2 protein chains.
Amino acid sequence: MTRSKPDSASPAPAPKASAASRLQMADIARLAGVSVSTVSRALAGSPLVNEATRLRVAELAKSLKYTINVGAQNLRLKQNRTIAVNVPYDPATRQHLSDPFFLSLIGSLADALTDRGYEMLLSRVDADRLDLAAQSFETGRAAGIVLVGQWHHHDQLNEMAVRGVPFVVWGGQLPGQLYATVGSDNLQGGRLATAHLIAQGARRVAFFGDPELPEVNLRHQGYLLALKDAGHKVDARLTRPAPFVREAIEQEVERLCAEGPRFDSVFAASDLMAMTVISTLRRLGREVPAEVRVAGYDDIELAQHFHPPLTTVRQPIAEAGQALIEQLLSQMGGARAQPILLPTTLEVRESTR
Amino acid sequence: MTRSKPDSASPAPAPKASAASRLQMADIARLAGVSVSTVSRALAGSPLVNEATRLRVAELAKSLKYTINVGAQNLRLKQNRTIAVNVPYDPATRQHLSDPFFLSLIGSLADALTDRGYEMLLSRVDADRLDLAAQSFETGRAAGIVLVGQWHHHDQLNEMAVRGVPFVVWGGQLPGQLYATVGSDNLQGGRLATAHLIAQGARRVAFFGDPELPEVNLRHQGYLLALKDAGHKVDARLTRPAPFVREAIEQEVERLCAEGPRFDSVFAASDLMAMTVISTLRRLGREVPAEVRVAGYDDIELAQHFHPPLTTVRQPIAEAGQALIEQLLSQMGGARAQPILLPTTLEVRESTR
DNA sequence: CTGAAAGCGCTAACAC
DNA sequence: GTGTTAGCGCTTTCAG
């Protein structure tokens with residue numbers, strides 16, 4: 001899925017008029033022997049129009065498969081029922097839309113939107129220029145924006161909020177945040193997972209993840225809290241700042257195994273990461289969970305089918321989509337941006353037993 | 001991800017005008033002391049406009065963060081740069097957007113579209129009413145349509161083609177097909193996988209999948225061909241028609257193990273299915289690959305991280321998106337619908353050794 | 001109850 | 001070079 005051409009690709013030839021002039025209101029008005037206004041009213045189900053003519057128009061439209069041109073309708077009505085969902089991609093690796101968790105989240109957003117009669121415009125954004133996501137709002141394409149992941153650039157998001165762009169982001173709550181986030185309780189989740197590892201007898205828990213990302217950072221803080229709760233000493237070398245790239249994770253595991261320090265369990269910031277960690281450990285001859293216990297985060301569908309089935313912190317995906325859309329819509333309705341924290345639960349499976 | 005409300009949900013309150021009237025061309029015309037037409041030309045980079053004024057207008061627009069209202073622009077230009085991508089969902093189970101393969105395909109489509117300056121409208125369609133997907137074209141929302149999976153209802157698709165709706169579907173090539181499909185060479189893929197199992201010493205290969213689906217059906221035919229190539233007798237009881245639902249697959253595995261017939265390997269119609277089969281076999285105490293060899297189809301990202309790493313037929317995802325869009329665009333440009341077959345390759349891993 | 005006319009925000013002849 | 005004008009396909013006053 002690595003593409004070579006940059007986003008700034010030439011817009012290509014002409015997409016021009018699609019098909020020889022589509023059917024329009026005037027046509028069915030003529031055919032029905034009424035004026036366009038009547039057709040408009042009839043199709044809108046206005047009580048002003050005679051039931052007989054309403055029916056006639058409706059049937060004519062149906063048999064001719066005529067449907068109102070939403071573009072024109074929206075222009076006239078100044079309304080808009082599409083929401084732009086933006087998935088950040090790392091401009092360096094051009095990796096994107098790859099983590100199953102985000103993909104499920106998109107599915108859940110699609111559900112939530114369809115349920116409310118909205119459409120979803122899906123696109124990618126350069127993770128370093130999250131503010132560009134605002135464009136689909138500014139060009140009138142979308143009535144609101146969902147950002148799937150905040151990455152770095154808290155600042156850009158705050159600036160968007162100041163500009164009055166209606167948007168929500170899936171991510172962690174940050175101090176001084178002017179925009180709305182929806183996310184799982186990352187702190188609590190990290191704490192849960194780590195506490196569980198400790199309860200299983202872990203003495204030296206390693207943390208894998210990129211603490212530059214707000215969400216991961218919160219999970220890391222939860223990890224630290226749990227260590228403190230248990231009276232464990234924190235060994236900073238056990239925090240391994242690996243980005244979400246397979247090779248980097250593998251390397252980090254190899255380094256940790258080779259150079260130390262000693263560790264008897266791992267809390268990984270995502271399931272995908274946990275799975276990679278487990279594969280690598282296995283390749284290096286360390287058994288999971290016998291020698292090293294591993295817990296993940298997300299509870300993606302495959303976590304339970306993995307071998308060993310993965311202990312993980314479950315984020316409620318279906319609710320996530322609902323909450324994101326609800327928050328966005330209420331914001332579009334004039335409400336203030338309000339962060340939402342979704343509860344997490346620990347799914348204990350074989351990988352930590 | 002199971003939603004309770006049906007699609008026919010009430011369209012909810014009013015989304016009305018977003019924010020107090022956005023900035024528009026007239027505004028920046030006034031501010032620049034020129035007419036709207038000049039602004040329009042300037043922003044479009046027309047050579048008719050004086051370089052000095054062009055610059056002035058451009059800067060004014062930028063500083064005010066003005067962007068052209070695409071809705072109005074499209075209406076006037078009768079153009080449209082959005083493509084609707086529709087993901088069918090099973091109305092019975094309301095399962096959708098769940099198989100990682102389809103999700104990756106969406107990612108690949110997003111890439112292909114962005115590269116060409118198109119936008120992507122993502123929605124679900126009832127798998128039994130694929131023809132409803134045409135609506136986004138008929139309402140002028142989209143200039144063309146991509147259908148991710150043909151399911152049953154070849155007929156509905158043919159009818160859409162007759163109606164002149166520009167669309168492509170990801171799926172298998174069927175006889176008497178009036179529309180364009182893009183898909184991997186399912187027949188060849190099924191043959192490859194099965195032949196490989198036989199080469200590994202398999203004598204009794206079971207097939208898991210729903211042969212009602214054209215793609216799966218082709219994979220099954222490939223399976224039969226490979227058996228014939230090898231001079232094996234076909235045992236119809238080894239074909240297990242399981243839908244893509246986890247519980248159904250587990251049950252089918254249990255039944256096969258309990259009631260026979262005997263089998264020493266499995267070719268599953270998708271990786272997800274293969275993984276479920278493996279987990280179930282393991283639960284029943286049958287080791288993979290020692291006792292049963294298992295091969296899948298798709299080569300999703302997780303196949304290589306699975307334990308054991310999964311032997312599978314790789315479908316070229318990046319090319320898939322490109323091919324779908326290329327085919328659709330050329331169709332929109334007036335070309336005839338032309339099926340495309342993508343090459344498959346066998347990825348041999350531990351699960352069949 | 002229905003039609004004529006104006007206008008949503010923009011572009012493209014057609015004048016000057 | 002730039003402004004004036006008409007009109008994309010629809011909805012909605014405002015008169016009948």
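From a predicted model like this one, the values you see are computed outputs, not experimental measurements. In what follows, chains are A, B, ... by sequence order, proteins preceding strands, each numbered from 1.
Summarising the geometry of B:Gly321 relative to B:Leu105, their closest heavy-atom pair is N-CD1, 4.3 Å, with the distance given to 0.1 Å. The two residues A:Met160 and A:Leu130 come nearest to each other via the heavy atoms SD-O, 3.9 Å. Of all the heavy atoms in A:Ala161 and A:Phe167, the pair that sits closest is N-CE2, 3.6 Å. Closest approach of B:Ala133 to B:Ser136, counting heavy atoms only: O-OG, 3.1 Å. B:Glu138 and A:Arg22 make their closest contact through O-NH1, 3.5 Å (heavy atoms, listed as atom of the first residue, atom of the second, distance). Pairing each heavy atom of B:Met25 with each of B:Ser40, the nearest pair is CE-CA, 3.5 Å.
Taking atom CG of residue A:Leu75 and atom P of nucleotide C:dC8, one finds them 9 Å apart after rounding to whole Å. Straight-line distance from the CD atom of A:Gln79 to the P atom of C:dG9: 14 Å, rounded to whole Å. Rounded to whole Å, the distance from CG on B:Leu77 to P on D:dG9 is 12 Å. Following rounding to the nearest Å, B:Met25 (CE) and D:dG3 (P) show an atom-to-atom distance of 13 Å. Remark: P of C:dC8 and CG of B:Asp27 are 12 Å apart, rounded to the nearest angstrom. Look at CG on A:Asn80: it is 13 Å from P on C:dG9, rounded to the nearest Å. For the pair A:Arg76 CZ and C:dA6 P, the interatomic distance rounds to 13 Å; values are reported in whole Å. Taking atom CD on B:Gln24 and atom C1' on C:dG7, their separation rounds to 11 Å, with Å as the unit.
If you check residues 36-73 of chain A against DNA chain D, the residues with a heavy atom closer than 4.0 Å are A:Ser37, A:Ser40, A:Arg41, A:Tyr66, A:Ile68, A:Asn69, A:Ala72, A:Gln73, listed by number.
Salt bridge status for A:Glu51 with A:Arg54: present, with a side-chain N to carboxylate O gap under 4.0 Å.
Dashed line: the shortest gap from a side-chain N or O of B:Lys78 to OP1 or OP2 of C:dT11 is not under 4.0 Å.
The main-chain N or O of B:Gln177 is never found under 3.5 Å from a side-chain atom of B:Asn158 such that the two would form a donor-acceptor pair.
Taking the C1' atoms of five terminal pairs at each end of the helix from C:dC1-D:dG16 to C:dC16-D:dG1, the two resulting helix axes are inclined by 50°, rounded to 10°.
Taking the side-chain contact (heavy atoms from CB on, under 4.5 Å) definition, one finds that A:Val34 meets it with A:Ala32, A:Thr38, A:Val39, A:Arg56, A:Val57, sequence neighbours left out.
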